[in-house]
Amino acid sequence: VFVLMIASYFYLHSRNSEWPPHRNPPDLLWGTVNLALFLVSVIPNEWYRRRARKGDLRAVQIGLVLLSLFGIGNVVVRYFELWHLNTDWSIDAYGSAVWTLMGLHVLHLVTDLVDTIVLTILFFTSLVEGKRFQDAEENAAYWYFVVAFWIPIYLVIYWAPRWLHA
């Protein structure tokens, strides 16, 4: 879906002489802050993923708390980011494309955040069993998906309008 939406974005660009149409591109600050948060979050994510493979309860607890905090931080920054896109979803096709890309990523971000918080709570109960460590590992893998897809979305939303305009 992300790839199709990015392709749609560039198709729409090819049909317009001005891109973004009649407005400035999104402000770079909040998107770049979010990119930095995502990239830094990979460090504790990988650490706790490796510890989950070894069944290290304390490390997984710490890792899940850290990733929950990163996820909350990303959602908070995303809130500010949405206010600085310099477009609205209902204005034109450009706005719809930008907001759809952001919305799809927000959906995955929030889904992973909820899963991470649920796992965090679970790992602080007596319900932790060996198979739960596999759940933690899979959660870490999904976070990589969320981070990995933010990079091309960031480039499309924040840099493509600047590169295509030049």
Using the side chain to side chain contact (heavy atoms under 4.5 Å, CB included) rule, take Tyr142 and Glu137 through it: C-alpha gap first, then chi angles, then the decisive distance, then the call. CA-CA 9 Å; Tyr142 191 74; Glu137 243 188 291; over 6 Å; no
Let me see the working for Leu39 and Ile151 under side chain to side chain contact (heavy atoms under 4.5 Å, CB included), right down to the final yes or no. CA-CA 9 Å; Leu39 293 176; Ile151 296 168; 4.1 Å; yes
Check the pair Leu64, Asn139 against side chain to side chain contact (heavy atoms under 4.5 Å, CB included), reporting the backbone distance first and the verdict last. CA-CA 9 Å; Leu64 285 168; Asn139 178 264; 4.2 Å; yes
Derivation and outcome, side chain to side chain contact (heavy atoms under 4.5 Å, CB included), residues Gln134 and Arg53: CA-CA 7 Å; Gln134 179 66 36; Arg53 279 194 178 156; over 6 Å; no
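No side-chain N or O of Tyr79 forms a donor-acceptor pair with one of Asn74 less than 3.5 Å apart. Glu81 and Tyr158 share a side-chain donor-acceptor pair at under 3.5 Å. Side-chain polar atoms of Thr116 and Ser68 form no donor-acceptor pair below 3.5 angstrom. Using modelled atom types, one finds a donor on one side chain and an acceptor on the other under 3.5 Å when comparing Trp159 with Tyr154.
Nearest heavy atom pair, residue Trp47 against residue Ala59, reads CZ3-O, 3.4 Å. The two residues Phe123 and Gln61 have their closest heavy-atom pair at O-NE2, 2.7 Å. For the pair Ala136 and Val60, the tightest heavy-atom approach, listed with the atom from each and the gap, is CB-CG1, 3.9 Å. For Met5 against Ala97, the heavy-atom pair with the smallest separation is CE-CA, 3.5 Å. Nearest approach of Trp143 to Gly71, heavy atoms of both residues: CH2-CA, 4.1 Å. The two residues Pro152 and Ile6 come nearest to each other via the heavy atoms CB-CD1, 4.4 Å.
A distance-only check finds no donor-acceptor pair linking the side chain of Asn34 to the backbone of Val77 [under 3.5 Å]. Between the side chain of Trp99 and the backbone N or O of Thr87, at least one donor-acceptor pair lies under 3.5 Å. Judged by distance alone, the side chain of Asn86 and the main-chain N or O of Pro25 form a donor-acceptor pair under 3.5 Å. A donor-acceptor pair under 3.5 Å is formed between the side chain of Thr125 and the backbone N or O of Leu122.
Separation of the Tyr94 and His13 ring centroids does not fall under the 6.0 Å cut-off. You'll find the ring centres of Phe133 and Tyr48 outside the 6.0 Å limit.
Between Leu29 and His84 the shortest side-chain heavy-atom distance does not fall below 4.5 Å. For the pair Ile157 and Leu85, the minimum side-chain heavy-atom distance is below 4.5 Å. A 4.5 Å side-chain heavy-atom check between Tyr9 and Ser96 finds every atom pair outside the cut-off.
Here the rule is side-chain contact (heavy atoms from CB on, under 4.5 Å) with Asn45, and of Val146, Leu67, Leu66, Val147 only Leu67 fits it. Looking at Phe38, Phe145, Phe149 one by one, the single match for ring-ring contact (aromatic ring centres under 6.0 Å, His included) with His105 turns out to be Phe38.
For the atom pair CD of Glu138 and CZ of Arg132, the computed distance is 10.5 Å after rounding to the nearest 0.5 Å.
Within a 6.0 Å sphere centred on CZ of Phe10, other residues, nucleotides and ligands contribute more than 12 heavy atoms.
The residues Arg23 and Asp88 are annotated as not salt-bridged, no charged nitrogen and carboxylate oxygen being separated by less than 4.0 angstrom.
Both Ile153 and Val75 belong to a single network of hydrophobic side chains, linked directly or stepwise wherever heavy atoms of I, L, V, M, F, W or Y lie under 4.5 Å apart. No chain of hydrophobic side-chain contacts below 4.5 Å, direct or via other Ile, Leu, Val, Met, Phe, Trp or Tyr residues, connects Leu4 to Val106.
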